[in-house]
Amino acid sequence: MNVKVYNKTMRNVFHAKGYKGKNIIFAVIDSGVNPVGWLNGRVQYSPLYPAKDTHGHGTFVAGQLLEWCPEATILSYNVLPDGTGKVSDTNAALADVLKRVKADTSHQYIVNMSLGGGGSAINPVFVQQGKLISQLVDENVPVCVAAGNDGREAKLDMWPSCFHDPICVAALNDNGTKAQFSVWHSEMDVSDEGVSVKGLSTTGSTVFMSGTSMSTPNVAGKIGLIMSQYYTQHGEWPSEPAVYEALKNNCIDLNKKGYDPYTGYGFVYMDATTEIQATYGICAKTTGNVRLRKGASVATVSLATVPKGMPVIVCPYNNSWYQCTAFIDGRCVVGYMSTKYVKEV
């Protein structure tokens, strides 16, 4: 396979059918965005941060997003003015996006975070960041984050990469193998083109970059296309869990068979006939303390323990597993649960 060819084909098919990201706003939390090339006239700026990108990273990422969704708008947050920044500034940007989402019912927001850093999971700034991302997801805002470029396994020490709620993206070589630099861990979701990616410089010339920073906007852009398709067909935006399921169910499996921590569920590829399924289900209760898992297998990660007697919403997945939605400690958690421990009500 050649992921560059697959991506070009997917873009062309969606664009030919008129799905180009209209009414979508990509919040790009990065190093700023210069309105060059095809970005000209499509960039808005948060007044909280300087507009100009002197580093080049944010302009490149934003250019990728608009290649996927040329009718979308970029909302730029320059939290990395020289390529580095403070977690508190990133958190302030997330809080501002959340405020806008609640006030703006005319647009669908998608967040791209091609950034990250290391630290303790109990550090208050990372705790706050996780909560803000979860709140955005609860508002049906997909949040795409880069896996990281350290070429190692992350053990709950890289953020936002290791959070559960965002969509974490690994980088692939052109032939579909994991890029050597791409971090891996149990919260990996999907993977995409991330080596020698073509894009815009700060002046609008052509440059090439590599990294999970580049694979992430490829997935965010694909999300923009399928949400645009759904809105055109149904007159409303799909839920974030429905979008996530569409990604999982339309992956080309890579590396090991099934889910793996290196490439997640695989490389997302869809044509414009892909349907996002509306989220629905059957009311049920658990018959014991049961684990809600990331996949339909006891070998997958446990997302939460659902207490006996707790109401849940289930959808049949196969003879042994339900896809299940549970509300635990004020959070909506979606995963898989064995049919042995669930009784319909």
Side-chain angles (χ1 to χ4, degrees), residues 94 98 101-102 111 121-122 124 126-145 155-156 159-168 185-190 223 230 236-249 251 258-261 264-265 275-345:
L94 289 168
L98 183 61
V101 167
K102 291 180 176 180
V111 176
I122 61 173
F126 292 127
V127 172
Q128 182 190 20
Q129 187 171 103
K131 289 181 178 178
L132 287 165
I133 290 173
S134 295
Q135 288 174 322
L136 282 163
V137 172
D138 287 344
E139 294 290 334
N140 287 321
V141 176
V143 179
C144 295
V145 303
K155 298 181 178 179
L156 295 180
W159 316 102
S161 176
C162 288
F163 290 127
H164 172 67
D165 282 345
I167 298 166
C168 186
H185 53 65
S186 61
E187 290 295 345
M188 197 63 60
D189 292 295
V190 293
I223 290 171
Y230 188 93
E236 61 182 5
W237 298 105
S239 69
E240 196 278 346
V243 170
Y244 183 65
E245 287 303 307
L247 294 183
K248 284 171 52 180
N249 294 334
C251 279
Y259 176 86
D260 67 77
Y265 291 99
E275 277 287 343
I276 299 177
Q277 299 298 318
T279 51
Y280 66 94
I282 303 164
C283 293
K285 285 187 177 182
T286 54
T287 58
N289 294 334
V290 56
R291 293 183 184 278
L292 188 62
R293 295 191 176 275
K294 189 166 187 176
S297 167
V298 293
T300 60
V301 174
S302 173
L303 304 178
T305 299
V306 183
K308 181 179 179 180
M310 174 172 279
V312 292
I313 299 172
V314 296
C315 298
Y317 182 75
N318 59 30
N319 290 335
S320 302
W321 293 86
Y322 282 121
Q323 185 181 350
C324 178
T325 302
F327 295 89
I328 302 171
D329 296 329
R331 291 182 59 231
C332 175
V333 184
V334 179
Y336 295 84
M337 186 179 292
S338 171
T339 57
K340 294 187 297 183
Y341 304 107
V342 179
K343 182 180 180 180
E344 296 180 15
V345 295

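In this chain, residues are counted from 1 in sequence order.
The minimum heavy-atom distance linking L303 with G335 is given by the pair CD1-CA, 4.1 Å. Between P241 and N140, the shortest heavy-atom contact is CD-OD1, 3.9 Å. Pairing each heavy atom of P307 with each of N289, the nearest pair is CA-OD1, 3.3 Å. When all heavy atoms of Y336 and E245 are compared, the pair lying nearest together is OH-OE1, 3.4 Å. Across all their heavy atoms, K340 and T287 have their closest contact at O-OG1, 3.8 Å. Closest non-hydrogen pair, K248 versus K294, comes out as NZ-O, 4.1 Å.
A distance-only check finds no donor-acceptor pair linking the side chain of S338 to the backbone of Y341 [under 3.5 Å]. Looking only at distances, a side-chain donor or acceptor of T286 sits under 3.5 Å from a matching main-chain atom of G309.
In this structure, D165 and V143 have side chains that are not in contact, with every pair of non-hydrogen atoms separated by 4.5 Å or more. Side-chain contact between K343 and K285: absent, with no pair of heavy atoms (C-beta onward) separated by less than 4.5 Å. Side-chain contact between C144 and I223: present, with at least one pair of heavy atoms (C-beta onward) separated by less than 4.5 Å. Looking only at side-chain heavy atoms (C-beta outward), E240 and I167 come within less than 4.5 Å of each other. Looking only at side-chain heavy atoms (C-beta outward), V298 and W321 come within less than 4.5 Å of each other. Contact of the T300 side chain with the S186 side chain is not registered, since no non-hydrogen atoms from C-beta on lie closer than 4.5 Å. Counting only heavy atoms from C-beta outward, the side chains of M337 and V314 never approach each other to under 4.5 Å. M188 has its side chain within reach of C168: a pair of non-hydrogen atoms, C-beta onward, lies under 4.5 Å apart.
Residue-environment remark: NZ (K131) stays at or below the threshold of 12 foreign heavy atoms within 6.0 Å.
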Stepwise side chain to side chain contact (heavy atoms under 4.5 Å, CB included) check, L247 with D189: CA-CA 9 Å; L247 294 183; D189 292 295; over 6 Å; no
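Interatomic distance, OG of S134 versus CD of Q129, reported as 10.5 Å (0.5 Å rounding). Between T325 atom OG1 and L292 atom CG the span is 8.5 Å, to the nearest 0.5 Å. Taken from OG in S161 to CG in L156, the straight-line distance is 10.0 Å, to the nearest 0.5 Å.
Using cut-offs of 30° and 60° on the angle between ring planes, the pair F126 and W159 is tilted.
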